[in-house]
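These notes are about the structure you will find just below.
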Amino acid sequence: MTPAVFEPATPLAPPTGRTTNDLIRQQNLASVLSLLHSRGALSRAQLGATTGLNRSTVTGLVMELTELGLVREAPGGERTGKVGRPTLDIEPEGHVAALSVRAEPHAVTVALVGLGGVVHARLRHDTASAPSPRRFVQIVASSVEAMRADIDRHYRVVGAGLAVPGLVNANGSVLVSPTLGWRRDPVSARLSDELGMPVTAGNDASIGALAESRFGVGVGVGNLLYLGGAMHSIGGGLIIDGTLLRGTSGYAGELGHTVVDPRGRACVCGRRGCLEVEVSLDLLEPLLGRRKLDEDELDVELGVARNPRVMTEVTRQVEMLSLALTNFVNAFAPETVVLSGYLGALLSVSRERLADAVRVHPLGAEGRTIRLERAHLRSRLMLVGPAELAFADLLSNPAGFRG
């Protein structure tokens, strides 16, 4: 297959010989662009109020970001003192984009996502079984090639982000992904060579936490615990003091392998009773008589379920999830707990029981309020999430971006 080679924007230049003023300017540019990226269009006054920067500084930063082609002016909702003259808001340039790639056991999804989290295009390729890393790269390249003409005409692609259900190290290599059957594979480097652009890979649950903190229920939350329930696994992501917790080699967040029943079901990790085998859609779908339910369909099915076997299994799984949440809240002391995917559906039918797990049982819970929320991004979560990995360098150093 001929590689789908792009000419992405010139790589970001590392800061060399910077003065203190240069570094402060870089930080301010990053603050303004990151704020517009996550919040959308804002007036100069709103930018100043949120960042604490004065009006002239904000004006200068906006001008520089506009010259870089990263933001633009658009008619705003506020009006000046003159009748009929609206202010001009500043919004991120959506044509500055990243590729968002998700690997699943039975599908490969590629999306084109612009600054501001706008999904411009999406292609899903269903597979009969989990693709090998080599086959996966081929599918992604074919999907990107199908978007090629549109990308070349309208977008500047800064790179690609890849979400994998498994352990992914800081270099983008997959140590192990049980649901995909991948082991010790440099999939990020493979994909980068094929696409001709930088590719950053990460664990899908950590990416989910990042996306919800940028665009979803976690906006403005400094300490967030995210648990995502996929078809065959549960993963966790942690935002601690505003920063995604990565751990040694980037392996933090394997909360699905927390043991909740030592005598329970065998897990692929070699132990018994891990959260992801005790709280699983695989156990519930046969009782519902349907397979491959998406999140919205599952909401409907659980909302009208009257089968005693279904209700008994839901109750058992909710108890296991409650036990895990109690332990996680004690360990990490989050402000907000976010459940997505299958776990979000369980929350919709068992909110009171799961809320008790984060409100009553943790040590020192008196006077402590912890929000328990369902992920807001829903189907968009794994479209915008991986793109955040690709946007990371741009958001931290906008001045180094040259289209």
Side-chain angles (χ1 to χ4, degrees), residues 104-105 165 179 204-205 208-209 211-212 216-218 224-238 253-261 264-265 267 273-330 332 334 336-362 370-382:
E104 296 179 88
T179 59
D204 58 353
E212 279 293 327
V217 68
L224 178 145
L225 168 66
Y226 169 94
L227 275 181
M231 181 64 70
H232 304 288
S233 63
I234 289 177
L238 292 159
E254 283 297 303
L255 302 181
H257 292 288
T258 299
V259 175
V260 292
D261 183 0
R265 294 166 175 80
C267 182
C274 288
L275 179 63
E276 73 173 38
V277 293
E278 295 299 332
V279 180
S280 173
L281 183 55
D282 285 344
L283 301 175
L284 199 57
E285 281 188 332
L287 302 178
L288 291 170
R290 296 186 62 188
R291 303 293 295 178
K292 295 184 179 180
L293 293 166
D294 64 28
E295 196 170 338
D296 291 332
E297 290 172 332
L298 188 58
D299 280 351
V300 173
E301 291 287 337
L302 293 183
V304 300
R306 296 293 181 267
N307 185 325
R309 295 177 64 201
V310 171
M311 302 311 296
T312 297
E313 178 59 19
V314 167
T315 299
R316 186 196 68 81
Q317 291 196 26
V318 166
E319 288 303 310
M320 294 291 102
L321 180 57
S322 297
L323 175 61
L325 287 176
T326 300
N327 290 332
F328 296 154
V329 168
N330 271 327
F332 303 113
T336 301
V337 175
V338 180
L339 302 182
S340 79
Y342 173 52
L343 303 186
L346 289 182
L347 176 61
S348 70
V349 296
S350 304
R351 174 171 286 276
E352 185 175 350
R353 177 67 190 92
L354 293 174
D356 283 344
V358 301
R359 181 177 61 230
V360 178
H361 298 294
I370 300 172
R371 291 168 56 208
L372 178 62
E373 299 284 353
R374 188 171 188 174
H376 281 192
L377 294 178
R378 302 291 287 273
S379 62
R380 293 181 61 236
L381 186 67
M382 282 299 144

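Being a predicted model, the structure only gives us computed values, none of them experimental.
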Within the structure provided, determine whether [X] and [Y] are in side-chain contact (heavy-atom separation under 4.5 Å).
| X | Y | value |
| --- | --- | --- |
| Glu301 | Leu284 | no |
| Leu372 | Leu354 | yes |
| Leu255 | Leu275 | no |

For this session: Examine distances only and state if a side-chain atom of Ser233 and a backbone atom of Ala230 form a donor-acceptor pair shorter than 3.5 Å.
Result: no
List in chain and number order the residues that pass side chain to side chain contact (heavy atoms under 4.5 Å, CB included) with [X], two or more places apart in sequence or in another chain; answer none if no residue qualifies.
| X | value |
| --- | --- |
| Leu323 | Val260, Asn327 |
| Val300 | none |
| Glu285 | Met231, Leu281, Arg291, Leu293 |

Among all residues two or more places apart in sequence or in another chain, which pass the side-chain hydrogen bond (donor to acceptor under 3.5 Å, both in side chains) test with [X]?
| X | result |
| --- | --- |
| Asp296 | Arg378 |
| Glu212 | none |
| Arg374 | Glu295, Asp299 |

About how many Å separate [atom2] of [Y] and [atom1] of [X], when rounded to the nearest 0.5 Å?
| X | Y | atom1 | atom2 | answer |
| --- | --- | --- | --- | --- |
| Ile234 | Cys274 | CD1 | SG | 10.0 Å |
| Phe328 | Thr258 | CZ | OG1 | 3.5 Å |
| Met311 | Leu287 | CE | CG | 12.0 Å |
| Asn330 | Leu325 | CG | CG | 11.0 Å |

For this session: Give every residue pair that meets the salt bridge (charged side-chain N to carboxylate O under 4.0 Å, His left out) criterion with at least one member in residues 312-325, sequence neighbours excluded.
Result: Glu278-Arg316, Glu313-Arg316, Glu319-Arg353
Problem set entry | Sequence neighbours excluded, every pair satisfying salt bridge (charged side-chain N to carboxylate O under 4.0 Å, His left out) that has a member inside residues 336-349 | none
Taking all atoms of both residues into account, what is the closest heavy-atom pair of [X] and [Y], and its distance?
| X | Y | answer |
| --- | --- | --- |
| Ser350 | Val318 | OG-CG2, 3.3 Å |
| Val310 | Ala305 | CG1-CB, 3.9 Å |
| Pro165 | Thr179 | CG-OG1, 3.6 Å |
| Gly218 | Leu224 | CA-CD1, 3.6 Å |

Check residues 336-347 and write down every donor-acceptor pair under 3.5 Å in which the side-chain atom is one partner and the other belongs to a residue at least two apart or another chain.
| residue | atom | partner | partner atom | Å |
| --- | --- | --- | --- | --- |
| Ser340 | OG | Tyr226 | OH | 2.6 |
| Tyr342 | OH | Gln317 | OE1 | 2.6 |

Problem set entry | Criterion side-chain contact (heavy atoms from CB on, under 4.5 Å) on Asp356 and Ser322, from CA distance to verdict | CA-CA 8 Å; Asp356 283 344; Ser322 297; over 6 Å; no
